[in-house]
Amino acid sequence: MPKDHSEIATRLTVGNLSCGGCVARAETALGGAPGILEARVNLATKRADVVSAGPLDLSAIQAVMDQAGYPVAPEAKPEVTEPEEDEAAPLWRSFLIAAALTLPVFVLEMGGHLYPPFHHWVMATIGTFPSHLIQFVLSTAVLAGPGRVFFRHGVPALLRLAPEMNSLVVLGTSAAWAFSTVVTFAPGLLPAGSRFVYFEAAAVIVTLILLGRYLEARARGQAGSAIRELMGLRPDTATTADGQRVALADVQPGDKLRLFPGERVAVDGVVIEGETYIEEAMITGEPVPAPKGPGDTVTGGTLNGTGGLIYQATHVGADTVLAQIVRMVEDAQATRLPIQSLINKVTGVFVPVVLAIAILAAGGWFFFGPDPITALVIGVSVLIIACPCAMGLATPVSIMAGTGRAAELGVLFRKGDALQELGRVDLVAFDKTGTLTEGAPKVVRMAPEPGLPEAELLALAAAVEQASEHPLGQAIVAEAAARGLDLPPVHGFQSRTGAGVEAFVGDAQLRIGTEALMAEAGVAPGDLADGSETLIHVARDADYLGAIALADPVKPDAARAVQALKDRGIVVAMLSGDAEGPVAAVAEALGIEIALSRLDPAQKRAKVADWRKEKRKVAFVGDGINDAPVLAAADVGVALGSGTDVAMEAADVVLISGAPSGVSTAMEVSRRTMRNIAQNLVWAFGYNVALIPVAAGLLAIFGGPVLSPMLAAGAMAASSVLVVMNALRLRRMEMR
């Protein structure tokens, strides 16, 4: 959110949020607090992201928000976050208490409607006044006990002239309860034909809404389970190399730690001693465990196999990969799509409009209807059925569920706009080196002179290259090691910068390097180049022994990634700073028709800008520092998690595994999440457009029924639950 380095972003928890109207008012109050430049409130996560011009004056902001009715507090740091308190548990207890108190009220009043002899039995054994008195006591207990939460939030909101969801419940239930109380204790104040009690309506409304909120909270908890599951991967303690058990918070970079079989890695580190296989599916998405030995990196939270290791801590606390992933998921879930701003504005005025409709409808039926009872029922039904909760939850809960599932699939959405834009992309441009290719040279072909075995050529070259630090030399040594070759002893090693290396094997001088180095020794190499490979020539004294061809191999899933995008009708391009030969070879191997070579970062950025001028939606996928400018310039920048921190910071989306096939996964997550949001919005707005007129008595004008307040309460609770349950379908999202 910050637009320059002088601005500070802070995340706060916000209390008393119950509907989209609350979000709008909380944002307005936060935006007017001292020093706040921008504020965004999220109903699903109950958090606010604020941007300030300098250090936050938290006490001043808390004073403003307490007055507005939405108290705030600083959010705990990700590395010390404890599991959130189960919001659903107290709601379930309140519902059970309310249901136990409401059931007798409902049976006493409605039992006779369902089974007429029961009404006669009540009149004969209990009597009218005792029956009403019992209902009064129990319904009052419901409102004062489990229903107190609505009054605690709704009444202050009414007094501030900022009514919200709880205010509607308070007005509706209070109207039904107050009218029934007058009928019970002062019936003479009302006409004889209107002396009916509606205690059961007040009690059932509270009970059903509590049930709805419980189901909603439980479902919301499932939508946000991704973060809890990620945090659950982190062990609480670590074992030092000398066997002492220490708290995770006490581990410092440089500490040597021991990893036992079956344990999770405590922090990020580098293996010093031992060999094992570690399951890294949480990072790479690859279910096959990865081999680990001295010099290899290990990631906190990954699961060790049957071996043991000693490793040195490199990143701890908030700097670990796991903590960064949690932070990115939290940022994604707290994000707000552009459409949400419009929704919040609508819900901000929704409750006052509903109050006006309820007053007009009740007034009209009071003056022109058959009796005051109808006016009461209609007024209460309008107040209860008009629930802005579904509208407020439609977008954020889908984002929570979608981004959480995306994280499990190895995709992190760092910025909210990317979730909305990625599904609209029609051109994806890839960097080559390190993105579509492995980013490190490997031996791909050997061309020894006739009569010389490949193994001997490779062993001689590797023997000399052992002392070299050049990536090409190290690739030759690695190939020899992979083949298990014995290397002859060498002496007199000498590096020739830009040309190659030299050394002696016995009395023979070996030269390993470029054509220029061969020419200097009077050796004529064969014409073996095809433009896509780097050739390392080998000569012994004046004899040419052959060449070793190296190339940056294409990643195993690169072809599948390109084909998946093309199957979607998306244009695939490659922008690379490499030479024409290697770029053309990779493009041909992967079936990429647009492949541009020898581009510097500015030229890549300019090409993306040209595509955007053609009204294309462009995503760029890269991994290097030099990719940061073009990642920021694209409509959506996608960085590989195996890339640099700078590239990931500039990107909108991060593929944790570093596999290019994750681009297609990210696009599918975007498409399905946006479709889910659209479904929720159609339902949330359609529900209110359709049922508010019904509650206001539209059907009754034409001889139809008047909507019962109890049915209105059930419909209102169901609307929010259905929106959340629909969003939860994203948690089961599978990729084809």
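Values reported hereafter were calculated over all heavy atoms of this structure, with side chains retained and with hydrogens, waters and symmetry mates removed. Along the sequence shown, residues carry numbers from 1.
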Between Thr173 and Val142, does the side chain to side chain contact (heavy atoms under 4.5 Å, CB included) criterion hold? Intermediate values first, please. CA-CA 11 Å; Thr173 55; Val142 171; over 6 Å; no

Might you work through the side chain to side chain contact (heavy atoms under 4.5 Å, CB included) test for Trp365 and Ile701, ending with a clear yes or no? CA-CA 10 Å; Trp365 282 97; Ile701 293 175; 3.8 Å; yes

Using side chain to side chain contact (heavy atoms under 4.5 Å, CB included), reason through Leu722 and Trp683 one step at a time and then give a plain yes or no. CA-CA 9 Å; Leu722 286 173; Trp683 165 255; 3.7 Å; yes

Start with the C-alpha distance between Leu138 and Phe106, add both sets of side-chain angles, then the distance that settles side chain to side chain contact (heavy atoms under 4.5 Å, CB included), and finish with yes or no. CA-CA 10 Å; Leu138 293 177; Phe106 183 82; over 6 Å; no

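Atoms CG and CD1, on Leu56 and Ile61 in that order, are 3.5 Å from each other to the nearest 0.5 Å. Rounding to the nearest 0.5 Å gives a distance of 14.5 Å between CZ of Arg672 and CD1 of Ile677. Atom CZ of Arg675 is separated from atom CD of Gln679 by 6.5 Å, given to the nearest 0.5 angstrom. One distance of note links CG of Leu422 with CG of Asp652; it measures 9.0 Å at 0.5 Å rounding. Leu108 CG to Glu200 CD: the interatomic distance, rounded to the nearest 0.5 Å, is 10.5 Å. Taking CG of Leu211 as the reference point, atom CH2 of Trp92 lies at 7.0 Å (rounded to 0.5 Å).
Atom CZ of Phe151 has more than 12 neighbouring heavy atoms from other residues, nucleotides or ligands inside a 6.0 Å radius. Residue-environment remark: CZ (Arg160) exceeds the threshold of 12 foreign heavy atoms within 6.0 Å.
Residues Asn676 and Arg729 have side chains in contact (heavy-atom distance under 4.5 Å, counting atoms from C-beta outward). Contact check for Leu101 versus Ile97: side-chain heavy atoms found under the 4.5 Å cut-off. By the 4.5 Å heavy-atom criterion applied to side chains, Asp49 and Arg11 are counted as neighbours. Within the 4.5 Å cutoff, no side-chain heavy atoms of Val411 are placed close to those of Val669. For the pair Tyr70/Val41, no side-chain contact is recorded, criterion being any heavy-atom separation below 4.5 Å from C-beta on. By the 4.5 Å heavy-atom criterion applied to side chains, Ser94 and Val149 are not counted as neighbours. Side-chain contact between Pro34 and Val64: present, with at least one pair of heavy atoms (C-beta onward) separated by less than 4.5 Å.
Closest approach of Ser52 and Leu37 over heavy atoms only: C-CD1, 4.0 Å. Summarising the geometry of Asn16 relative to His153, their closest heavy-atom pair is OD1-CE1, 2.7 Å, with the distance given to 0.1 Å. Between Leu58 and Pro74, the closest heavy-atom pair is CD2-CD, 3.6 Å. Between Ala98 and Leu210, the closest heavy-atom pair is CB-CD1, 4.0 Å. Pairing each heavy atom of Asn680 with each of Ala727, the nearest pair is ND2-CB, 4.1 Å. Nearest heavy atoms, Ser131 versus Ile126: N-CG2, 3.7 Å.
Looking at Ser381, its side chain never comes within 3.5 Å of a backbone N or O of Ala695 through a donor-acceptor pair. A side-chain donor-acceptor contact under 3.5 Å links Thr13 to the backbone of Ala73. Without hydrogens or angle criteria, Gln62 side chain to Val72 main chain gives a donor-acceptor distance under 3.5 Å.
Tested against Ile36 for a side chain to side chain contact (heavy atoms under 4.5 Å, CB included), the candidates Val50, Thr10, Asp57 yield a single pass: Val50.
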Would you be so kind as to tabulate the donor-acceptor pairs closer than 3.5 Å made by side chains of residues 174-188, with sequence neighbours excluded?
| residue | atom | partner | partner atom | Å |
| --- | --- | --- | --- | --- |
| Ser174 | OG | Val170 | O | 2.6 |
| Trp177 | NE1 | Thr140 | OG1 | 2.9 |
| Ser180 | OG | Ala176 | O | 2.8 |
| Ser180 | OG | Tyr198 | N | 2.4 |
| Ser180 | OG | Phe199 | N | 3.3 |
| Thr181 | OG1 | Trp177 | O | 2.8 |
| Thr184 | OG1 | Ser180 | O | 2.8 |

